[in-house]
K.L.:
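Take a look at the following structure, please.
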Amino acid sequence: MLENEEQAKIFDALSDPIRLRFVRELVRGGELSGTAIADRLGISLALLCHHSRILVEAGVITKRKMAQTAYFRANRKLLTESMKSLLS
């Protein structure tokens, strides 16, 4: 079970509409490049970097780099655990 502080950090990260859409795109699309996500969200790469940093710090998404490209994936286990802990 998640600690209250950890859970609050997760939900705080998800409270922004752009970050929530970001995570939804990853849940639907699996692993996506930063460029693909920015295009889908209609935002700049600079803004994507800002939002991705917050989501990575909260553990909601993971990031891996290959050459100059960053790839992101939703942390489904943490998201599922967060939702379940609200209901228990």
Side-chain angles (χ1 to χ4, degrees):
M1 181 166 259
L2 296 172
E3 296 293 325
N4 285 334
E5 292 80 20
E6 184 181 9
Q7 193 172 17
K9 189 172 185 175
I10 292 163
F11 287 114
D12 186 47
L14 294 171
S15 69
D16 181 90
I18 291 174
R19 291 193 291 268
L20 187 57
R21 286 178 48 218
F22 188 151
V23 173
R24 281 187 181 139
E25 288 296 329
L26 294 176
V27 167
R28 290 181 188 136
E31 185 176 68
L32 296 171
S33 71
T35 303
I37 297 166
D39 288 346
R40 289 180 184 200
L41 299 178
I43 62 174
S44 68
L45 285 174
L47 187 55
L48 179 91
C49 288
H50 165 73
H51 287 297
S52 67
R53 184 174 24 87
I54 293 166
L55 291 167
V56 168
E57 286 175 5
V60 174
I61 66 172
T62 60
K63 174 184 175 182
R64 73 175 178 91
K65 294 248 333 185
M66 190 162 59
Q68 297 293 336
T69 305
Y71 293 91
F72 300 93
R73 179 179 294 274
N75 184 342
R76 289 175 169 269
K77 181 179 178 186
L78 182 72
L79 291 167
T80 300
E81 191 175 327
S82 298
M83 295 303 138
K84 284 182 179 178
S85 66
L86 279 179
L87 301 172
S88 59

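The structure displayed is predicted, hence computed values, not measured ones.
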K.L.:
Members other than Ile54 in its cluster, when Ile, Leu, Val, Met, Phe, Trp, Tyr link by side-chain heavy atoms under 4.5 Å?
P.N.:
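None; Ile54 is a cluster of one.
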
K.L.:
Say you draw a straight line from OG of Ser82 to CG of Leu14; how long is it, rounded to the nearest 0.5 Å?
P.N.:
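Those atoms lie 7.5 Å apart.
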
K.L.:
Would you please name every residue forming a salt bridge (Lys or Arg N to Asp or Glu O under 4.0 Å) with Arg64, sequence neighbours left out?
P.N.:
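For Arg64, the residues satisfying salt bridge (Lys or Arg N to Asp or Glu O under 4.0 Å) (neighbours in sequence not counted) are Glu31.
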
K.L.:
Connecting only ILVMFWY residues whose side-chain heavy atoms lie within less than 4.5 Å of each other, what is the rest of Met66's hydrophobic cluster?
P.N.:
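Other cluster members: Tyr71.
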
K.L.:
To the nearest 0.5 angstrom, please state how far the CD atom of Glu57 sits from the CG atom of Asp12.
P.N.:
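Rounded to the nearest 0.5 Å, the CD-CG separation comes out at 11.0 Å.
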
K.L.:
Enter the distance from Gln7:CD to Met83:CE here, rounded to the nearest 0.5 Å.
P.N.:
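Nearest 0.5 Å value for the CD-CE distance: 8.5 Å.
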
K.L.:
Apply the test side chain to side chain contact (heavy atoms under 4.5 Å, CB included) to residues Thr69 and Thr35: give CA-CA distance (whole Å), side-chain angles for both, the deciding distance (0.1 Å), then the verdict.
P.N.:
CA-CA 8 Å; Thr69 305; Thr35 303; 5.7 Å; no

K.L.:
State whether the number of non-hydrogen atoms from other residues, nucleotides or ligands found under 6.0 Å of Lys65 atom NZ is greater than 12.
P.N.:
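For Lys65, atom NZ is crowded (more than 12 foreign heavy atoms under 6.0 Å).
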
K.L.:
Quick one: pull up CD1 in Ile61 and CD1 in Ile37 and give me the separation to the nearest 0.5 Å.
P.N.:
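Between atom CD1 of Ile61 and atom CD1 of Ile37 there are 6.5 Å.
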
K.L.:
Taking all atoms of both residues into account, what is the closest heavy-atom pair of Val27 and Ala74, and its distance?
P.N.:
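It is CG2-CB, 3.9 Å.
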
K.L.:
Which pairs with one or both residues in residues 15-30 pass side-chain hydrogen bond (donor to acceptor under 3.5 Å, both in side chains), sequence neighbours excluded?
P.N.:
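Matches after skipping sequence neighbours: Arg19-His51, Glu25-Arg40.
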
K.L.:
Distance check, rounded to the nearest 0.5 Å: His50 atom NE2 versus Ser44 atom OG?
P.N.:
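Output value for this atom pair is 10.5 Å.
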
K.L.:
Please enumerate all residues that pass side-chain contact (heavy atoms from CB on, under 4.5 Å) together with Ile43, with sequence neighbours excluded.
P.N.:
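Partners of Ile43 by the side-chain contact (heavy atoms from CB on, under 4.5 Å) criterion, ordered by chain and then number, come out as Ile18, Ala38, Leu41, Leu47, Leu48.
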
K.L.:
Which one of Thr62, Leu32, Leu26 satisfies the side-chain contact (heavy atoms from CB on, under 4.5 Å) criterion with Phe72?
P.N.:
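Single side-chain contact (heavy atoms from CB on, under 4.5 Å) partner of Phe72 among Thr62, Leu32, Leu26: Leu26.
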
K.L.:
Does Arg53 have any salt bridge (Lys or Arg N to Asp or Glu O under 4.0 Å) partners at least two apart in sequence or in another chain, and if so, which?
P.N.:
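None.
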
K.L.:
Any chance you could lay out the side chain to side chain contact (heavy atoms under 4.5 Å, CB included) test for Asn75 and Glu81, step after step, and finish with the verdict?
P.N.:
CA-CA 10 Å; Asn75 184 342; Glu81 191 175 327; over 6 Å; no

